[in-house]
Amino acid sequence: MSRAATNLQIDSARLWGSIHETAKFGATAKGGVRRLTLSEEDRQVRDWFRKACEDAGLEVHVDTLGSMFALRKGRDMSKPPIGIGSHLDTQPTGGKFDGILGTLGALEVIRTLNDAGIETEAPICIVNWTNEEGSRFAPAMMASAAYVGDFTVDDILSRKDAEGVTVGDALDKIGYRGETKVGTQKFSSFVELHIEQGPILEAENRTIGVVDSGQGVFWYDGRIVGFESHAGSTPMPLRRDALLTLSQFALALEQIAIRLGPNAVGTIGEAVIQNPSRNVIPGEIAFTIDCRSKDADTLDALDQSLRAAAAEIAARRKVEIAIDLVWRKPPTHFDPKLVDAVEHAAENLGYSHRRITSGAGHDACNLNTIMPAAMVFVPCKDGISHNELEDATQADCAAGANVLMHTVLALAGVAS
Ligand code: HGY
Ligand code: MN
Ligand code: MN
């Protein structure tokens, strides 16, 4: 590799500026970002991103699920591109870095290669994957899951949000139902830069996480059917209270995850009483369950244990508890050669680093089922994410983008 390429560093101030410029799309009073997928705020950041890519000389195309692909030509266009990128949608209480760092870090890599006049052998393609978060429409990592064939495009287009709006309608509303068939854009490999969203790198004072694996994820939709009745005149022993049932199940889930830990977590993130009223005993509740482990057997044990707990509580309380598995993502083991390439880049750049498992799911986890994929992590403050307090340092973001860039240069090859 030429000396110029070997010593190449991204423009830290430009990356930091882009991160904070795009944070205005969906900015919240607490300093976070609320940019639900396919919302007006998502449209605004997508338009910004498209223009920034076009200004960087990239060819942008959009697929039928709204994922955006920005291609930088290589000397040898017969080679499939290296894919880089992440997502621009956020959680309702999201931050400035989750997903955004990986997408804008990828843009910064391209901007830096342009400034240096470096041409790569293979092309490079940035991706903004639609609906990584899975908050408005389930499942998470939705578009990359369809891209790898885990779901059909029609199934995904028909998914509805809490207001009954379909993915297809939401895409049309913001003008991002693209022409390109999902899966058209091929890659030789995919590398994603992301904040760790956990406390390990910061606690160990490491700059780079070389991600070699990712937790598996089970998502469930739950429904409890008890019996509405008068809050005043119904004696406690006669009640079939859906909310108290859920409370008992939630505590049981917590105990199951603790018992099966330390590589097991369980969360009930949504619970909606149907027809709520202050003086009616809740008769019906819809809720969600998110279970994770890096170990497949532990995931299965979580599944069996929570189902057994639900059955026991339902019998004791004379209610029905239905639990449907709506998404099953096995644990990820990233491509060893690609993981080595990330590690070599971090080593050569002189950054402290360590191998790490991702607690969060990522689009790279889906891509890894059909091509070599890997991830680069950087620390986030106090390990906080999916919270408006999410924060990271400019130096760490730049370090992550430098590792991404040098990993890509190693994979793509430098023509000039
Ligand atoms: O749920 C996840 O792990 C990701 O943040 N969507
Ligand atoms: Mn993310
Ligand atoms: Mn996230």
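In each ligand, atom 1 is the first atom listed, and ligand 1 is the first ligand listed. Residues: numbered from 1 along the sequence shown.
Here the side chain of Ser39 pairs no donor or acceptor atom with the backbone of Arg35 at under 3.5 angstrom. The backbone N or O of Gly31 lies less than 3.5 Å from a partner atom in the side chain of Lys96, making a donor-acceptor pair.
Ring orientation note: the planes of His362 and Phe377 are nearly perpendicular, at an angle over 60° on the 30°/60° scale. The aromatic rings of Phe187 and Tyr147 are tilted relative to each other, their planes meeting at an angle between 30° and 60°. Ring-plane geometry between Tyr220 and Phe218 is classed as perpendicular, the angle between the planes exceeding 60 degrees on a 0 to 90 degree scale with a lower cut at 30.
The protein heavy-atom contact nearest to atom 4 (C) of ligand 1 is Glu132 OE2, 3.3 Å. Of the protein's heavy atoms, Arg292 NH2, 2.8 Å lies nearest to atom 1 (O) of ligand 1.
In terms of N/O distances under 3.5 Å, ligand 1 is approached by His386. Polar contact check, Gly361 against ligand 1: a nitrogen or oxygen pair lies under 3.5 Å apart.
Residue contact annotation: His386 places an N/O/S atom under 2.8 Å from the Mn ion (ligand 3). Coordination check, His194 versus the Mn ion (ligand 2): passed, since an N/O/S atom of the residue sits under 2.8 Å. At least one N/O/S atom of Asp98, whether from backbone or side chain, sits less than 2.8 Å from the Mn ion (ligand 3).
Using modelled atom types and a 3.5 Å distance limit, the side chains of Thr152 and Asp154 yield no donor-acceptor pair. Side-chain polar atoms of Tyr176 and Asp63 form no donor-acceptor pair below 3.5 angstrom.
Within the structure, ligand 1 lacks His362 among the residues with a heavy atom less than 4.0 angstrom away.
Near Ala360, with a cut-off below 4.0 Å to any heavy atom, the atoms of ligand 1 are 3 (O).
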